[in-house]
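All remarks here apply to the structure that follows.
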Amino acid sequence: MNVLKRALLDRKLKKALAARKCRLDCGSRGLRNGIELTLQEGVKLHDVKLFGQRLSIGAHTAVMSGAELHEVSEIGRYCSIAAGTVIGHSRQSHPLGWLSTHSKLFALRAARTPDVAGYYVSTPTTLGHDVWIGRDAMVMDGISIGTGAVVGAQSLVNKDVPPYAIVAGTPARVIRYRFDAETIERLLASQWWELPPEALAELPMEQPQALLETLAHAPASRPAPRRIKLHSAAWRIEAL
């Protein structure tokens, strides 16, 4: 793609993103491998590297610069992903049982041998809503991180994380839960993340129990967020 065409595409992309209050600092250059990227309104992707084929990100999620999203299929709403994090990293990119662990040799062999390529297909990682991942953490492929979970900085996550758990370490383990079991169950049932930030700001977020009571007696309206879908293979931009 020549410089002029790239500049025009980035201008069109920026305008379409702004209409959904989204941000994609990497521009068209960051959309690799013909990715299909769907963003709900308010998503902020700073200088992030995207490697997967299909990724959906929920409203008001923010991913800081230096993060890498590999085999990730879904990230929920109101997630906070710090700088330097690596999510969906393949466990098979450097096979220990082969002649060499070099990724180039692995890729060449896999391209020539369908059975090998199929055996080492990665499973996408998914993140629920309101997940906070600390700086320089690594989350392997095939992991499910539950809604409300927190991953400590520089942690290595190689197994699923339950909702509202706080995990840390290498490998990461559960340190504690943010709330008691009953409150967690009520928070998950409330689906509070479907509310826009302006509506949440009117509720006592600093007192989850009081917030749950308010929602139970006077549920707020939950408008569907607007979305934008980017198809880098054919460079289509769809406003949804």
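Computation of the quantities below employed the complete heavy-atom set of this structure, encompassing side-chain atoms and omitting hydrogens, waters and symmetry-equivalent molecules. Predicted model, so just to flag it, every value in this text is computed and none were measured.
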Practice item. Measure the shortest side-chain to side-chain distance between D160 and P162 over non-hydrogen atoms and say whether it is less than 4.5 angstrom. Key: no
Exercise for review: Identify whether V43 and F51 are in the same connected component of the hydrophobic contact network (ILVMFWY, side-chain heavy atoms under 4.5 Å).
Suggested key: no
Point to revise | Steps toward side-chain contact (heavy atoms from CB on, under 4.5 Å) verdict (V63, I87) | key: CA-CA 11 Å; V63 186; I87 304 177; over 6 Å; no
Practice item. Could you list the residues that satisfy side-chain contact (heavy atoms from CB on, under 4.5 Å) with H46, not counting sequence neighbours? Key: R23, D25, K44, M64, S65
Point to revise | NZ/NE/NH1/NH2 to OD/OE distance under 4.0 Å, K21 and E41 | key: no
Study note, to complete from the structure: Taken in chain and number order and not counting sequence neighbours, the residues that satisfy side-chain contact (heavy atoms from CB on, under 4.5 Å) with A16 are I228, I237
Review point. Roughly how far, to the nearest 0.5 Å, is the SG atom of C22 from the CG atom of L45?
Key: 8.0 Å
Point to revise | Spatial distance of atom CG (D130) from atom CG (L187) [nearest 0.5 Å] | key: 9.5 Å
Practice item. Ignoring hydrogens and angles, tell me if any N or O in the side chain of N158 forms a donor-acceptor pair with the backbone of M140 under 3.5 Å. Key: no
Review point. In Å and rounded to the nearest 0.5 Å, what is the CG to OG distance from L37 to S56?
Key: 8.5 Å
Practice item. Determine whether H89 and T125 make a side-chain contact, defined as any pair of heavy atoms from C-beta on separated by less than 4.5 Å. Key: no
Point to revise | V131 and C79, any side-chain heavy atoms less than 4.5 Å apart | key: yes
Point to revise | Where A168 and S155 come nearest, the two heavy atoms and their spacing | key: CA-OG, 3.2 Å
Review point. So, does Q40 use its side chain to make a donor-acceptor pair with the main chain of G58 at under 3.5 Å?
Key: no
Point to revise | Nearest atoms (heavy-atom pairs only) where A67 meets A82 | key: CB-O, 4.1 Å
Point to revise | Residues which pass side-chain contact (heavy atoms from CB on, under 4.5 Å) with A220, listed by chain and number, not counting sequence neighbours | key: L195
Exercise for review: Answer whether the closest heavy-atom distance between the side chains of I145 and V167 falls below 4.5 Å.
Suggested key: no
Review point. Counting N and O atoms only, with roles assigned by atom type, does the side chain of S73 sit under 3.5 Å from a partner on the main chain of T126, one being a donor and the other an acceptor?
Key: no
**Study point:** Residues in ring-ring contact (aromatic ring centres under 6.0 Å, His included) contact with Y78, at least two apart in sequence or another chain
**Key:** H60, W192
Check your understanding: Do other residues, nucleotides or ligands put more than 12 heavy atoms under 6.0 Å from R20 CZ?
Key -> yes
Review point. Are V139 and L127 side-chain neighbours, meaning at least one heavy-atom pair lies under 4.5 Å?
Key: no
Review point. Sub-3.5 Å donor-acceptor pair from the side chain of R178 to the main-chain atoms of G148, do we have one?
Key: yes
Point to revise | Side chain to side chain, D47 and C26, heavy atoms closer than 4.5 Å | key: yes
Review point. Quick check: are there more than 12 heavy atoms from other residues, nucleotides or ligands sitting under 6.0 Å from CD of E202?
Key: no
Review point. Taking atom CZ of R222 as the centre, does the number of heavy atoms from other residues, nucleotides or ligands within less than 6.0 Å exceed 12?
Key: yes
Review point. Does W132 share a hydrophobic cluster with M205, counting links as ILVMFWY side-chain heavy atoms below 4.5 Å and allowing steps through other members?
Key: no
Practice item. Would you name the heavy atoms of T38 and K229 that are closest together and state the gap between them? Key: OG1-CE, 3.3 Å
**Study point:** Transitive ILVMFWY side-chain link Y177 to L211, under 4.5 Å
**Key:** yes
Check your understanding: Got I175 and R173 here, is their nearest side-chain heavy-atom distance under 4.5 Å?
Key -> yes
Exercise for review: Applying side-chain contact (heavy atoms from CB on, under 4.5 Å) between T85 and each of V48, V151, I133, L69, report the one that passes.
Suggested key: I133
Check your understanding: Short question: side chain of H129, backbone of R77 - any donor-acceptor pair under 3.5 Å?
Key -> yes
Point to revise | ILVMFWY network linking I166 to I184, side-chain heavy atoms under 4.5 angstrom | key: no
Point to revise | Pairs flagged by salt bridge (charged side-chain N to carboxylate O under 4.0 Å, His left out) wherever residues 133-146 is involved - sequence neighbours left out | key: R91-D141
Exercise for review: Supply the atom-to-atom distance L230 CG to R236 CZ, rounded to the nearest 0.5 angstrom.
Suggested key: 10.5 Å
Exercise for review: Output every pair passing side-chain hydrogen bond (donor to acceptor under 3.5 Å, both in side chains) with a member in residues 181-191, not counting sequence neighbours, ordered by first then second residue.
Suggested key: D180-T183, T183-Q209, R186-Q209, R186-E213
Point to revise | E68 CD to I81 CD1 distance, which is reported to the nearest 0.5 Å | key: 12.5 Å
**Study point:** Distance, nearest 0.5 Å, that separates NE2 of H70 from CG of L50
**Key:** 10.0 Å
Exercise for review: Indicate if V161 and L188 have the same hydrophobic cluster label, given that clusters are the connected sets of ILVMFWY residues with side-chain heavy-atom separations under 4.5 angstrom.
Suggested key: yes
Study note, to complete from the structure: Closest heavy-atom pair, L105 versus W98, reported as atoms and distance to 0.1 Å, is O-CZ3, 4.5 Å
Practice item. Looking only at non-hydrogen atoms, find the nearest pair between P208 and F179 and report the distance. Key: CG-CE2, 3.7 Å
